2 protein chains.
Amino acid sequence: MSTQISFSANHGTAAAPAIFGHTPWTEDTAGPRPGRDRALIVGPVQHFTQDQEIYGEGDDAPIFFKVISGVVRTCKFLGNGRRQIDAFYVPGDVFGFEPGAAHNFSAEAVCDCAVIAFRRHGVEILAVTDEGLSHQMLSYAMGSLARAQEHALMLGRKSAAEKLAAFLLEWAEHSPDSDVVSLAMARQDIADYLGLTIETVSRTLSQLEREGIIELPTTRRIRLKNVTALEDLGA
Amino acid sequence: MSTQISFSANHGTAAAPAIFGHTPWTEDTAGPRPGRDRALIVGPVQHFTQDQEIYGEGDDAPIFFKVISGVVRTCKFLGNGRRQIDAFYVPGDVFGFEPGAAHNFSAEAVCDCAVIAFRRHGVEILAVTDEGLSHQMLSYAMGSLARAQEHALMLGRKSAAEKLAAFLLEWAEHSPDSDVVSLAMARQDIADYLGLTIETVSRTLSQLEREGIIELPTTRRIRLKNVTALEDLGA
DNA sequence: CGATTGCTTGATACCTCTCAACCCAGGTGG
DNA sequence: CCACCTGGGTTGAGAGGTATCAAGCAATCG
């Protein structure tokens, strides 16, 4: 066996709680998991309704979360009402694990969702002696970094059509049915994630439909009719 | 002493090499440092001339770097010649420490610079038993993440003037003389970092000068005459 | 000097934003 | 059941900001 250490997630060890892995924690058990990670959980599963705030930018609650069900967004606000969504989180994803005492972003429920909270302090303490856990934390941070960098590239150098193509392909991967994307979020969320306005999102989707690349049976369901064309745009 | 663990950089321990810290490693010694980090160094200090490639996107050299002198940029290229600069690195900064076998970005010398290389594998091995080093890696990753997120926010939701104000304030912090910024990079680098064209960068700087907010004695030196106005824009 | 390179400036085109109207589905209440 | 309201989404017209294309300028270098 090689001693090479990779940063890939989900590697785990017998001793390490899979806190950062994309494990299918369920609503009522938040497990079953090996004993230790249960001990790090702050309280019971928490439920949030659509658009409810989970924590605010600047809150210094020393806590982070894992999504059990639903979708969560993290975002920042600038003056005059501008909002930038940093990321969406789906079940199994960890969010709110940040440096410093306070949260850099606020987190809100995109749709009704359930999350479980962990005490950051407890995890950090445990990581000192648990090499697997400390490795999970690093994997998580490096993965988040790569995602944020890709996001920045998109925001800086892509057109509206290219942004939407990339966005649809990203969510197609999360979809069980690979060519029909079910969106959990409203148009405004898409716009604030892609650095566009809601009108431009709408117009661009309509244009892609006119071009035969996608189909919009309902506003929240999008059929990808020509994935190749999307990939040409989104790349 | 509290057992609280912070993610702040530069905390160090006696045993941990300060590889990720912003320590003033010098040109000829790349030290003096405690013994261990010397052992992790791949070779002698390497020199690169302006615009020379240090590594390319996709290269799988299992190596990362620390800047000794000069400035380095990491960037990605899209089709039809578009380029997005992810970050600039100044002396003391670490770059090229990424997940996966291959580099996600290419790295190039902004100006003549000197860097020192570390074997990623060696550092990872050492981090397994060295808690301080493993902590440094996490601090580094979390700090990079926060920077990338801030960058994305700027690219998505700021105007040209706001981007340039934020950019100037960022570099003012690196400047010894706090109100005169000496830029190591050309206009094209600024443009590709801010998601603009070189013409827009030039026009916007001229406009800020006409408004009395800055002064441009030479193209690479910028006097900040009204920091408050810049902060109002850049925030 | 002339050539080169990086930067600035100008004119115009294009993309996205802004503001406004309209549409549509769902919910409510008479 | 239907009129009405509401909220999200779409579409249109016009404005504005940035890109594009092109020319001019200044510093550097042979």
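Treat the numbers as computed from the prediction; the structure is a model and nothing was measured. Every chain is numbered from 1, with letters handed out A, B, ... down the list of sequences.
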- With heavy atoms under 4.0 Å as the rule, sort A:Leu205 into base, sugar-phosphate or nothing.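 The residue A:Leu205 makes no contact with any strand.
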- Using whole Å, report how far CD of A:Glu209 lies from C1' of D:dT10. 11 Å
- Task: Look at B:Ser206 and C:dT8 and indicate whether a side-chain polar atom (N or O) is within less than 4.0 Å of OP1 or OP2.
- Result: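 Answer no for this pair, as no side-chain N or O of B:Ser206 is under 4.0 Å from OP1 or OP2.
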- Tell me: CD1 of B:Ile222 to P of C:dC7, nearest whole Å? 11 Å
- Compare the minimum distances between each of D:dT10, C:dT8, D:dT18 and the side chain of B:Ile198, then state the nucleotide with the smallest one.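 Nearest to the side chain of B:Ile198 among the choices is C:dT8.
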- Message: For B:Asp189, is there an ion pair with B:Arg83 - N to carboxylate O distance below 4.0 angstrom?
- Response: yes
- Message: Just the rounded figure in Å: distance from C1' of C:dC14 to CD of A:Gln207.
- Response: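 It works out to 13 Å between those atoms.
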- Looking only at side-chain N and O atoms, does A:Thr197 come under 4.0 Å of OP1 or OP2 in C:dC17? yes
- Message: Nearest whole Å is fine: how far is D:dA19 C1' from B:Gln188 CD?
- Response: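 Taking CD of B:Gln188 and C1' of D:dA19, I get 13 Å after rounding.
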- Query: Any side-chain donor paired with an acceptor under 3.5 Å for B:Asp112 and B:Gln50?
  - Reply: no
- Message: Counting distance alone, no hydrogens or angles: does the base of D:dC21 have a donor or acceptor under 3.5 Å from a partner atom on the side chain of B:Glu199?
- Response: yes
- Determine, for A:Glu211 against A:Lys225, whether the closest basic-nitrogen to carboxylate-oxygen distance falls under 4.0 angstrom.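 The answer is no: the pair does not qualify as a salt bridge.
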- Query: Between A:Glu57 and A:Ser106, which heavy-atom pair has the shortest distance, and what is it?
  - Reply: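 That closest heavy-atom pairing would be N-CB, 3.4 Å.
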- Take atom CD1 of A:Ile214 and atom C1' of D:dT10, then tell me their distance rounded to the nearest Å. 14 Å
- Phosphate OP1/OP2 of D:dG8 contacted by A:Thr219 side-chain N/O (<4.0 Å): no
- Please report, rounded to the nearest Å, how far the P atom of D:dT18 is from the CD1 atom of B:Ile190.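 Those two atoms, CD1 and P, are 16 Å apart.
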- Whole-Å gap separating P (D:dT18) and CG (A:Leu155):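 About 15 Å, once rounded to whole Å.
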- Message: Distance criterion of 3.5 Å, no angle test: do you see the side chain of A:Arg203 paired donor-to-acceptor with the base of D:dG12?
- Response: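 For A:Arg203, whose side chain was compared with the base of D:dG12, there is a donor-acceptor pair (under 3.5 Å).
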- Query: Does a side-chain N or O from A:Ser202 land closer than 4.0 Å to OP1 or OP2 of D:dT10, or not?
  - Reply: yes
